[in-house]
2 protein chains.
Amino acid sequence: MTDTPERPTSDQLTAADVQCYCPVGGVIDLLGRKYAIQVVCVVGAMQPARYTEIEAAFGEVSSSTLSTRLSELTEAGLLDREQRNTIPPEVQYRLTTDGAELCAVLEPLLQWVESRDPSG
Amino acid sequence: MTDTPERPTSDQLTAADVQCYCPVGGVIDLLGRKYAIQVVCVVGAMQPARYTEIEAAFGEVSSSTLSTRLSELTEAGLLDREQRNTIPPEVQYRLTTDGAELCAVLEPLLQWVESRDPSG
DNA sequence: CTGTATCCGCGGGGATACTG
DNA sequence: CAGTATCCCCGCGGATACAG
């Protein structure tokens with residue numbers, strides 16, 4: 001309860017109040033990329049998820065795009081990639097703790113999207 | 001409780017189970033565009049929101065980009081645009097019922113992003 | 001004030017071929 | 001199986017100028 005003049009007692013938000021409310025770079029930017037949100041949720045639903053399974057979850061994805069997305073999400077600390085050097089090779093993707101938090105927050109979004117536009 | 005062979009009793013999800021869980025087009029695509037998520041939440045926080053206020057909430061946006069985003073979101077039925085033909089003209093943006101639902105689901109995401117990456 | 005119109009560069013993403 | 005490498009196109013998005 002300070003008497004800071006910059007923050008009026010009004011409960012009506014102004015532009016200044018939400019100025020810090022708009023992260024544009026970083027994770028938000030990553031999530032804007034194609035399939036990013038869905039990949040997080042798909043991995044969360046299938047854990048552990050293998051590359052081919054993830055690929056199959058999307059009807060049409062080019063391997064390069066999916067590969068890039070997986071790398072980015074792993075790099076961002078949202079996915080954990082574990083490779084087993086067997087023959088044939090086997091890779092398992094899981095959510096990190098951070099990724100799980102994100103997934104929990106993302107799932108309601110996908111639920112809403114589905115309920116609103118069932119045709120995809 | 002049918003005996004459908006395609007759906008095993010396993011509680012482990014497979015690719016087939018999440019196949020319908022990955023909407024790619026429509027709203028998700030729109031939300032991938034720059035500032036889209038933030039615009040929804042900013043309008044939700046400021047209602048009613050005027051163009052200049054929204055613009056000010058983002059440090060740097062080109063008018064063309066913001067204008068396009070507002071049009072798209074309005075077209076998608078997420079924003080309601082009300083124009084008053086005064087001089088100077090005044091436009092007020094609000095969330096539609098759908099938009100409010102989306103905003104409610106989006107806000108935890110922005111909260112999480114901020115808490116994870118405070119530097120923006 | 002609230003945009004639209006135009007031009008244009010950059011990079012995201014698809015297709016394809018190839019590798020450990 | 002699980003990708004990477006390469007090429008290339010398209011469309012997003014910025015800058016700028018202009019309009020009602």
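For the numbers below, each heavy atom of this structure counts, side chains included, while hydrogens, waters and symmetry mates do not.
Distances shown here put every side-chain N or O of B/Tyr51 at or beyond 4.0 Å from the OP1 or OP2 atom of C/dT4. At the phosphate of C/dG12, neither OP1 nor OP2 sits under 4.0 Å from any side-chain N or O atom of A/Tyr35. Proximity of A/Arg81 to the phosphate of D/dG3: a side-chain N or O atom is located under 4.0 Å from OP1 or OP2. Phosphate contact (OP1/OP2 of D/dA2, side-chain N/O of A/Arg50, threshold under 4.0 Å): present. For the pair A/Arg69 and C/dG12, the criterion of a side-chain N or O lying under 4.0 Å from OP1 or OP2 is not met.
In this structure, B/Glu53 atom CD and C/dT2 atom C1' are separated by 13 Å, rounded to whole Å. In this structure, A/Leu30 atom CG and C/dG11 atom P are separated by 16 Å, rounded to whole Å. What separates CG of B/Leu66 from C1' of C/dT2 is a distance of 10 Å, to the nearest Å. We find that CD1 of B/Ile54 is positioned 12 Å from C1' of C/dG3, with the value rounded to whole Å. In this entry the distance linking CD of B/Glu55 with P of C/dT4 reads 12 Å, nearest Å. Between the P atom of C/dT19 and the CD atom of A/Gln83 lies a distance of 18 Å, rounded to the nearest Å. Atom CD1 of A/Ile87 is separated from atom P of C/dT19 by 18 Å (rounded to the nearest Å). Distance, A/Glu60 CD to C/dG13 P: 16 Å, rounded to whole Å.
Across all non-hydrogen atoms, the minimal contact from A/Cys103 to A/Gly44 is SG-CA, 4.3 Å. Residues B/Glu60 and B/Tyr35 approach most closely at O-OH, 2.9 Å, considering heavy atoms. When all heavy atoms of A/Trp112 and B/Asp98 are compared, the closest pair comes out as CZ2-O, 3.5 Å.
Counting heavy atoms from C-beta outward, A/Thr96 and A/Thr74 have side chains that stay 4.5 Å or more apart.
With B/Ile37 as the partner, the side-chain contact (heavy atoms from CB on, under 4.5 Å) test is satisfied by one option alone out of B/Val42, B/Val113, B/Leu106: B/Leu106.
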Can you give me the N/O atom pairs linking the protein to nucleotides 16-20 of chain D at distances under 3.5 Å, or say none if there are none?
none

message = Please determine whether side-chain contact (heavy atoms from CB on, under 4.5 Å) holds for the pair B/Leu70 and B/Ile54, giving the CA-CA distance in whole Å, both sets of side-chain angles, and the decisive distance to 0.1 Å.
response = CA-CA 10 Å; B/Leu70 287 168; B/Ile54 301 173; 4.1 Å; yes
inquiry  = Please evaluate residues A/Gln38 and A/Phe58 with respect to the criterion side-chain contact (heavy atoms from CB on, under 4.5 Å), reporting the C-alpha separation (whole Å), side-chain torsions for both, the decisive distance (0.1 Å), and the verdict.
reply    = CA-CA 9 Å; A/Gln38 293 93 327; A/Phe58 302 88; 3.5 Å; yes
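In this structure, of C/dG12, D/dC1, C/dT4, it is C/dT4 that holds the atom nearest to the side chain of B/Ser67.
Contact annotation for B/Arg84: no contact, since no heavy-atom pair falls under 4.0 Å across all strands.
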